[in-house]
Structures are given as C-alpha cells and as structure tokens.
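Written below as structure tokens is the structure these notes are about.
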Amino acid sequence: MSPVPLPMRIMASSIAIANQAGKIIRDIMSAGDLGIVEKGKDDLQTQADRSAQQCIVASLSNQFPNVKIIGEEGASDLVNVPKEWIITELDQDFLQQKCPESLSDISEKDLVIWVDPLDGTSEYTQGILEPVTVLIGFSVQNKAVGGVIHQPYYKRSNNEFGRTIWGLKGLGSGGFVTKPHVQGELIATTTRSHSNELVQSALRAIEPTKVIRVGGAGYKVLQLLEGDAHAYVFASAGCKKWDTCAPEAILEADGGILTDIIGNHYQYGSDVAFLNKLGVIATAKNIDHSSIISKIPDDVKGKLSQ
Ligand code: AMP
Ligand code: MG
Ligand code: MG
C-alpha cells in the first residue's frame, strides 16, 4: 500500500487533535477558573487558549517535526504537556478519501500550519459558548488549502458535545449539514465585539436585509457553510492569519470565497504579517462575491489601505 500523502495525514490528525482541544476548552470552563490575561485592547487570553494551543502544537509537532506551526498564543511550553494531550491517532473516516492529485507530492517544507486554539475568546469569557471554535488550517505555497473548524459546544443528537467541520481544496468539505440560502435576501454576519465606524459603514453600503452580530471568524464562516448567512463582512483590521486560514480553506473547498475587502486573497506563508489589515469579506457558495466587494465604499477601502 502506498503511504498516505502528507496533506491527508495533517487533515486526519487535525480532526483528532481538535476534538481533544475542544474537550480541554470544556473542562476548563467546567472547572470555573478561566485564568484571564489581557493581551491587548479588546484581546483576551484564558487558560483554555493556552492549554488548547499546548495540546495542538505538541501533537502536531510530534507528528510533523519539520512543518512550521504558528499559533496565536506564541511559543507554547512543549516539555510539560500532559501525556493525554498528545494525540497521535488519525481520523480513520477522513482517511477513506482520496488525496487530490494536486496535493499528492507536497512535502513538510511547503507547508505552514496556522493554529487558533480558541476563536471567540471574548464570548467564551462571557459564557456565550456556541460561537467558540478551534481552528487548525494549513497553507501550501502561501495559499490556504485545508483545515478544520471544531465547535466544542455543539450538541449532537446523542447529547454529546462537539463536532468537527473539515475542508480540503480539490477534495471538498464535510462535518456539517447545509440548507439553501434564503433567496432574495442578503443576510450579513459580522463581529459582535470588535465593531467600529468602518465596519458599520461597509455594512450599510452592502444593504443587507438582516445583520447577525456574532463572535468568532470560525463561527461566522460556519454560518455561511450552513446556509444561515450569505456574507461575512468585516471592514476592519483585527483578524489574524490564524483566524482565517482554516475558515478560508474550508469555505473555498465548499465553493465559497474569502478575501480582503479589495477582493484579494491573503497569503499564508511563514514570513507574512499576522494581521489581516484589509479586513474580511467572505461569501457562501453561489453568492456573488465581486458584487459585495464592489459595494464597499472607496473611502473604507482607502482608510484600511493606509
Ligand atoms: P470577531 O468577529 O470580533 O469575533 O473577531 C474574529 C477574530 O478576530 C477573533 O479571533 C478576534 O479576537 C479577532 N479580532 C477581530 N477584531 C479584533 C480587534 N480589534 N482586536 C483584537 N482581535 C480582533
Ligand atoms: Mg481568533
Ligand atoms: Mg484565539
């Protein structure tokens, strides 16, 4: 049997690792001591962010020692990691699928893995748990190609918590159920806790029939995937590469598009700036992305480009 190509192993491993990270996030919330640290203005970190990152980075670097891994919480202590947090298994269901031809020869040096161990920290600290996600995405030659969004507080039909959504360009996406987007409407989803005048101005200009304000880049892309919103509109700097790598890869594997407010894709190589300075515009499959981009006022585009 031929060996499993690297991108397939990274995907299968990320699915298993994200499940464990989600458990860590739930356990820390249940224990009650969040250990909140203020990293900057409107930017919090909790023990769950730190521990989930330790689990993810320790597990990935153990299996893929030569892949560059960039995590939101900086350098993690990889020495004192509890044994049960080091995940070595691969999700076997995922491995039933065939690697896209275009990715079959990728080697470790072509890849960067972007990790947001807990997206939606602001909401997590306030007990708003549905939008909390774990994001593990990877790029190949600068482009977001594959990833997972794990939702630790999603309640499954068997009453257990957690689900993992995946996407790989050239293969497709899975782990969620979609419904058709409402015709004749434009439902926009945007930030709940990081709004400002530019964000508002862009939202007004696209003339949505409804605006949903929720936390998390991962969760907003989930809303696009599941048919609950047509466009994710965030005309502000603030999101970082670890917020958009996995969501972009999954959304685009599903037929949608995620770019900055000018309409350009972000780059995800190892030496790029972390900040997505030019905001985020993402649209679900079958939604006209360029028409949303064309409605963003030039003065908003100009201010973010400065
Ligand atoms: P939101 O849509 O506000 O939940 O933001 C999505 C992601 O981008 C989260 O990881 C936020 O922490 C991050 N983010 C967005 N805007 C800002 C900001 N102004 N300062 C810090 N982080 C931000
Ligand atoms: Mg985040
Ligand atoms: Mg985070």
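Numbering of ligands and ligand atoms starts at 1, following listing order. The figures that follow rest on heavy atoms only: side chains count, while hydrogens, waters and symmetry mates do not. The model shown is predicted, which means the values in this text are computed figures rather than measured ones.
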**Prompt:** Can you check whether Ile56's main-chain N or O pairs, donor with acceptor, with Ser59's side chain at less than 3.5 Å?
**Reply:** no
**Fill in**
So for Thr191 against ligand 1, with non-hydrogen atoms under 4.0 Å, the contacting part is both
**Prompt:** Short question: side chain of Lys303, backbone of Asp299 - any donor-acceptor pair under 3.5 Å?
**Reply:** no
**Request:** Please check if the side chain of Arg50 supplies one atom and the backbone of Gly35 the other of a donor-acceptor pair under 3.5 Å.
**Result:** yes
**Message:** List the residues meeting side-chain hydrogen bond (donor to acceptor under 3.5 Å, both in side chains) with Glu197, not counting sequence neighbours, and say none if there are none.
**Reply:** Arg204
**Fill in**
Residue, atom and distance of the protein heavy atom nearest atom 4 (O) of ligand 1 read Gly216 N, 2.6 Å
**Request:** Give the residue and atom name of whichever protein heavy atom lies nearest to atom 9 (C) of ligand 1, and the separation in Å to one decimal.
**Result:** Asp119 OD1, 3.4 Å
**Prompt:** To which protein heavy atom is atom 6 (C) of ligand 1 closest, and what is the distance rounded to 0.1 Å?
**Reply:** Ala217 N, 3.6 Å
**Gly215 touching ligand 1 at heavy-atom level, < 4.0 angstrom** = yes
**Prompt:** If you group Ile, Leu, Val, Met, Phe, Trp and Tyr by side-chain heavy-atom gaps below 4.5 Å, do Leu95 and Ile250 land in one group?
**Reply:** no
**Options His194, Glu123, Lys39, Arg192, ranked by nearest heavy atom to atom 11 (C) of ligand 1, top entry** = His194
**Min heavy-atom dist Glu72 to ligand 1 below 4.0 Å** = no
**Message:** Under a 4.0 angstrom heavy-atom cut-off, which atoms of ligand 1 come close to Asp243?
**Reply:** 7 (C), 8 (O), 9 (C), 10 (O), 13 (C)
**Request:** Check for a donor-acceptor pair, side chain of Gln53 on one end and backbone N or O of Glu72 on the other, with a separation under 3.5 Å.
**Result:** yes
**Complete:** By side-chain hydrogen bond (donor to acceptor under 3.5 Å, both in side chains), Asn19 pairs with (sequence neighbours left out) His150, Thr164
**Request:** Examine distances only and state if a side-chain atom of Thr209 and a backbone atom of Leu186 form a donor-acceptor pair shorter than 3.5 Å.
**Result:** yes
**Item:** Pairs where residues 268-279 contributes a residue and the test side-chain hydrogen bond (donor to acceptor under 3.5 Å, both in side chains) is met, not counting sequence neighbours
**Value:** Lys241-Asn276, Thr244-Tyr268, Thr244-Asn276, Glu248-Tyr268
**Prompt:** What atoms in ligand 1 come closer than 4.0 Å to a heavy atom of Lys240?
**Reply:** 21 (C), 22 (N)
**Message:** If we ignore hydrogens and angles and just use 3.5 Å, is the side chain of Glu123 paired with the main-chain N or O of Glu130 as donor and acceptor?
**Reply:** no
**Item:** Non-hydrogen atoms of Gly218 and Thr133 that approach each other most closely
**Value:** CA-OG1, 3.9 Å
**Prompt:** Any idea which protein heavy atom is nearest atom 21 (C) of ligand 1, and the distance to it?
**Reply:** Asp42 O, 3.8 Å
**Request:** Considering heavy atoms of the protein only, find what lies nearest to atom 13 (C) of ligand 1 and give residue, atom and distance to 0.1 Å.
**Result:** Gly238 O, 3.7 Å
**Message:** Quick test of your reading of the model: are Lys295 and Glu207 salt-bridged, counting only N-O distances below 4.0 Å?
**Reply:** no
**Prompt:** Quick one: does Phe234 get a heavy atom under 4.0 Å from ligand 1?
**Reply:** yes
**Asked** Just wondering, do Ser104 and Glu101 contact through their side chains at under 4.5 Å, heavy atoms?
**Response** yes
**Asked** Is the shortest N/O to N/O distance between Tyr232 and ligand 1 below 3.5 Å?
**Response** no
**Item:** Distance filter under 2.8 Å, centred on the Mg ion (ligand 3) - protein N, O or S atoms that pass it
**Value:** Glu72 OE1, Asp116 OD1, Leu118 O
**Complete:** the protein heavy atom lying closest to atom 2 (O) of ligand 1 turns out to be Lys220 NZ, 2.5 Å
